Enquirer: 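Handing you a structure now.
Chain letters run A, B, ... following the sequence lines, proteins first, then strands; residues in each count from 1. Small disclaimer: the values here were computed from a predicted structure and weren't measured.
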Amino acid sequence: MFASSLRAAALAVLLAVVLCGSVSAAIHADQAGTYDWHKALVGIPKFAFFTRPVRKAQIYVGTQKNVIALLNPKTGDYTWRQVLEPADDLKMLSLQDQVLVSVSGNGSLHTRQWDAQTGLLIWDHEHVNPPASTSAAVGRVGDDVLLVAGDSISRLKGDDGTPVWTVTADSGATYGRIILHNGAIYVIGAKQISNLHEVSVLQLDAKDGRIVAEYQPPNGNVKSLDDVVFAEHGGKAYLYWNGAERAYRHALGQSAETEEVDDVFGIKESRIQNVYGSDESASDLVLRNGKRYTFMRSSDSAKYTFEDEAEPTESVFSSFKSEGAHYISYVRPSPSKKEIKIDLLDATEMKLVDTFSVPFDEQISGAIQKAFLDVAPSKDGKVPSFRIFAVTADGSIKLLKAGEVLWTREESLTEALAAEYVDLPERSLLSQDHDELDEQPQESASISPIERFLRRARTHVVKAAAYPQQLTKSIKSLITPPESTRVRNDLYADFFGVRKLVVFASKTGKVVALDTESGQSVWERYFDGIQFRQIETVRSALVKYPPVIVLVGQNRQAQTVLLRINALTGEDFNEDGSSPREVFPAIRKVIKLPVEEAAGRTQLISLIGDNLKVHISPSSAAASDAFERFAPQYHVYLTEGVGSSQIDGYTTEKGTNNKYELKPSWKLEFPEGEKLAALGSPSPAGSAVASLGRVLGDRSVLYKYLNPNMLALATVKTTGSFPTDSDFTSAVYTYLIDTVTGTVHYRSEHNGGGNIAPTVPSVFVVQKDNWAVLSYWNHGPEAALPQVEPPAPEEEVVTKKTVRKRKKKVSTEDNSATIPDAKGIEIVALEFFESSTPDQRVESDTFSSFQAKRPHVIAQSYSFPKRISAIGTTTTGAGITTKEVLLGLEDGHLYGISKRLLDPRRPVGAPTKDEKEEMLFPYRPTLDFNPKEVASYNLHVPKISHILSAATKMESTSLTIAWGLDVFCGRRNPSKTFDVLSESFNYLALLATIAACVLGIGFSKRLAERKKIKDLWR
Amino acid sequence: MKIPSLLLCIAFALSCVASVSALQAVTGTITTNQILQDLQDLGPAKVYLNGGQYVAYVEEDGAFSFSNVPQGSHVLSVVSNLYQFDLIRIDVSPTGIMASLTHPGTSWNRQGPPILTPLEMRPRGKFDFFLPREGFNPWSLLSNPMLLMSGFSMIMFFVMPKMMANLPEEVQEEAKGRREEMPQMPQMPDISQGLANWFAPQAPAKASGKRN
């Protein structure tokens, strides 16, 4: 008895250790990379330079994600990358004579010179009066940098970026190109005259920036400035451009002269073809006549006409010039579309080196958009080896060489707006049971009981036969380390359910499915011209059918496209007879419905048109039947997204000719000046919640307000344009609204709160179960609104200001409590309960939004030392594990804060006995940064913009993917891995102990028997 | 402003820019110390003013600068994924700039200890993201409560009968009587007992009948 009570005590101690041990869930150093992977990306190149300064080739890129990076052509990895702010739009990247200069900004404009080898800053020049125009150009005079931004032209000192002179050209043209020729500076721009752009030339004196001449050459109509090509022939600088009908050329400095290219080169109907060079010096000239291409050597009249013909949109020319070598490459797809052909032309000899082919599937990557050539110097007359750096239409980048693709970087992932987990099917033979479960009643009735019994028996036999194999495998997996099974080709779920597919859909039209265990791509698809923004899983893999996802995108005609895809293979899904591709015009919102149609067991997708008509996909009779039944309870809310000032609620009703349409039911207009800044998303009904209430220290229960229609959102109200303006004020308002009735259940003001800057969104909301977490930047006392509404008496808001007030015991005026006293990120935790008194709840079997009962909302705010770029939560199978709020930090971390720290019930002041019993942490106004809570440990994962979690079969473990620029995938265990033995657990020792015990017992049994016999003989 | 006026004077005297203008330049360097011995180890770092309203990138020698900082109070932070830096409060006035140390959670109306400008930012610490791996320790195995418990009961198993045997007869009788008087608590089925019975030699029926 003594022992049993002791054992109970020990169990209690053990449980306590498991449940209330430290909140930290960090990993050990040697675990880094075993359960997680990281794809470090740079973005889709806007600017690229493939250069060969000394022997070694280098690739510099400036990307759409405002990243400047140096790539190593050997491996495809970056040597360095400099991640500029999201608001710091990269307008220009220039590489001339190994000097790397970038022009970037949005609002303010910065010109920066970077060390090309280390990626560190050399100097930074900020424009005092940044021009409104977006165009920029960079050139070089000696060591100095010439900069054109909008209509201002300046010469900056090469060593520190201080301006030597600045002139303003008030010609009304936008300039985008600088050409130096014979000591004069020519700035090329385009002047808009009605719908057309006219080439405009500005000639400057390099010394003092004096404008020498300004003119527009005749016949200078172009579509855009990108169509103007600069080339040098015989010591003269020429501009070439494609006019409406003919191509023209103009010698710089001779204002009145424009020649027709046809006449100059004797080629009829010639057009100028763009040639990608390794830097920004004079371009090579390739003329197109129909589908035939002719290369013109600059210095004389020598020319070479390529034999193969190709469409001008499909053929890409690039040139390479270095140390006397000069090559031209001509890349175009082969007629089969399974490979590309490359003609390499030695331009000094005017001789074709050879035609090469590279395997290249245009179905997966789209056409090559840009190509940059690098040729290694040939030794002793051999065929020179070349490499081509190619940017394809899907947003991936590749390095090609003769016969093979050296490497591919899937940079389209940086433009992914949506991702979705796909559970892999079970390998076990469960699907046969599901066959039976899935039968329609009529079908079941038609089968005789004997046959049914035989079928069941057969299933069991098959299962039994497969059992030994399964057993040996599970034993094997216990003994062998898990790493050996990381890369697998079969698509079946693993024992713990941590292996899934994650499908990314990007703005470029690329869809990639990655294996969450290894990070490797399982399948890829490319849809030309479709910008994806949403993915919905309409059928999971639990049944015998494959999982199906619907990709939602917009095509070039701004129509909404729905694509049905088999999530395991990436193939179009049309097994159930519905069409895999549906197009709908003028759609405002696409919502997945919690109903499935009977035939294919796929969930319905509803599309809400601009005219409030409701479309249903798939368009089968079964689907419309299912919707007919669901329609009475279908409520929708619509907003114009961030920046809008209202939110509308609708119900569904049958309109004319049996079509469903939305009928407005409520409308919430925010007070004057408030603009929507962030929207949460209500937890869907039936999501896993372990407990209906919170058990308090005195064993009473506070019941959670679990309303699937509760929406948390935040609005921002500002005055003044920029936070440093003297008249700037800002405030954030939190709302909790019921999306069925439009009732505002809660509203609170966070004075001084807002976005860090107009271009830096920093208000985020996440909600789950019965709580919401909001984060924003507090501008401090200077930006606080002068007049403050008194807080509603029933809302109990504890902020750090009140804490401090209590500590200082200073009696201040009433409204001073809402004047913020900090500058930095603040996080607010809100929790909703059915009642403010414990053990009281709504006396009803069902829960209705139309009840008059309002939730009891409590809130607490904390300051946090790091800037937040995204917010999400963990998800676990049964919801027992403590939740964790996941934050993307600007430092390059994925960070987890336990919900126990973001608990508005944390006691202010010394905790009482009951509060201690409830295991609440005492309130502190700050949440400290704890490096042990960094999910991405020492990896640099910058610019996280999305965080997505999925439950695994282990209750303790939540699979988490964060992306934005990089992609990071890992596991989070907010309550530690309480359901898994630690990996250091010694299975062999356990087995040995058991074996020893069995042996010992057998041995002592024999001894005991012998003793007994002896005793009997006595 | 609770700062002694003397300190204020010193801070103003030390502020680097003296020109009377609405915009001021804030400059500084990230410097090495015991924690960061080589700037090459710093990793990707930049400096934020007010959480990113103004951004400065780090030069090769660790220098950073904000050229046009308007009047008002600002908070400067170093963004680094590997090192911990102080938070600095910058007060820009037409006469100059003043820097002071601040901490998250302290009142913005109070200024911390002043700091020299141009700023010299030294890392306060290096983040340690990992839990230390506990090495195998036989002693920790022995100090396991379960093991201690079974060890204790093992010892009692041998010692108890001896102790009982040494007691005088009447005390033994008394103890036996007390045991029988005690109410029997309902007991959980004991797996280990069951296993032991299973392994034990099959005793005659009357022997097992003695057990409760």
Enquirer: Looking at A:His110, A:Arg924, A:Glu890, which one has more heavy-atom pairs under 4.5 Å with chain B than the rest?
Expert: A:Glu890
Enquirer: For B:Phe66 and A:Glu126: C-alpha separation, side-chain torsions, deciding distance, then whether side chain to side chain contact (heavy atoms under 4.5 Å, CB included) applies.
Expert: CA-CA 9 Å; B:Phe66 299 93; A:Glu126 188 185 353; over 6 Å; no
Enquirer: Please flag which part of A:His125 lies under 4.5 Å from any non-hydrogen atom of chain B: side chain, backbone, both or neither.
Expert: neither
Enquirer: Is it the side chain or the backbone of B:Ser65 that comes within 4.5 Å of chain A heavy atoms, both, or neither?
Expert: neither
Enquirer: Which pair of non-hydrogen atoms, one from B:Trp108 and one from A:Pro781, has the smallest distance, and what is that distance?
Expert: CD1-CD, 3.6 Å
Enquirer: Under a 4.5 Å heavy-atom cut-off, does chain B meet the side chain of A:Phe929, its backbone, both or neither?
Expert: side chain
Enquirer: Find the distance between CD (A:Glu85) and NZ (B:Lys46) and round it off to the nearest 0.5 Å.
Expert: 4.5 Å
Enquirer: Using side-chain hydrogen bond (donor to acceptor under 3.5 Å, both in side chains) as the criterion, list what pairs up with A:Ser104, not counting sequence neighbours.
Expert: A:Asp88, A:Arg112
Enquirer: Is it true that, when you exclude B:Gln37 itself, more than 12 heavy atoms of the residues, nucleotides or ligands shown sit nearer than 6.0 Å to its CD?
Expert: yes
Enquirer: State, yes or no, whether a side-chain contact exists between A:Thr926 and B:Pro104 at a heavy-atom distance under 4.5 Å.
Expert: yes
Enquirer: Side-chain contact test, heavy atoms from C-beta onward, threshold under 4.5 Å: evaluate it for A:Thr118 versus B:Gln40 and give yes or no.
Expert: no
Enquirer: Let me know if A:Ile122 has heavy atoms under 4.5 Å from chain B in its side chain, its backbone, both or neither.
Expert: backbone
Enquirer: At a 4.5 Å cut-off on heavy atoms, which part of A:Asp30 comes close to chain B: side chain, backbone, both, or neither?
Expert: side chain
Enquirer: If you measure from CZ on B:Phe130 to CG on A:Asn938, what distance do you get to the nearest 0.5 Å?
Expert: 4.5 Å
Enquirer: Quick one: which residues of residues 53-63 of chain B reach chain A at under 4.5 angstrom, heavy atoms only?
Expert: B:Gln53, B:Tyr54, B:Val55, B:Tyr57, B:Val58, B:Glu59, B:Glu60
Enquirer: Residue by residue, which of residues 74-84 of chain B have a heavy atom closer than 4.5 Å to a heavy atom belonging to chain A?
Expert: B:His74, B:Val75, B:Val79, B:Ser80, B:Asn81, B:Leu82
Enquirer: List the residues meeting side chain to side chain contact (heavy atoms under 4.5 Å, CB included) with A:Thr162, not counting sequence neighbours, and say none if there are none.
Expert: A:Lys157, A:Asp160
Enquirer: When rounded to the nearest 0.5 angstrom, what distance separates CD1 in A:Ile756 from CG in B:Leu49?
Expert: 11.0 Å
Enquirer: Quick check for you: to the nearest 0.5 Å, what is the distance between B:Leu131 atom CG and A:Gln31 atom CD?
Expert: 8.5 Å
Enquirer: Say you draw a straight line from NE2 of A:His779 to OG of B:Ser73; how long is it, rounded to the nearest 0.5 Å?
Expert: 12.0 Å
Enquirer: Let's test your reading of the structure: which of A:Pro865, A:Ala757, A:Pro723 forms the most heavy-atom pairs below 4.5 Å with chain B?
Expert: A:Pro723
Enquirer: Relative to chain B, which segment of A:Trp80 carries a heavy atom at a distance below 4.5 Å: side chain, backbone, both, or neither?
Expert: neither
Enquirer: Please flag which part of A:His893 lies under 4.5 Å from any non-hydrogen atom of chain B: side chain, backbone, both or neither.
Expert: side chain
Enquirer: Side chain, backbone, both or neither: which part of A:Leu889 has a heavy atom under 4.5 Å from chain B?
Expert: neither
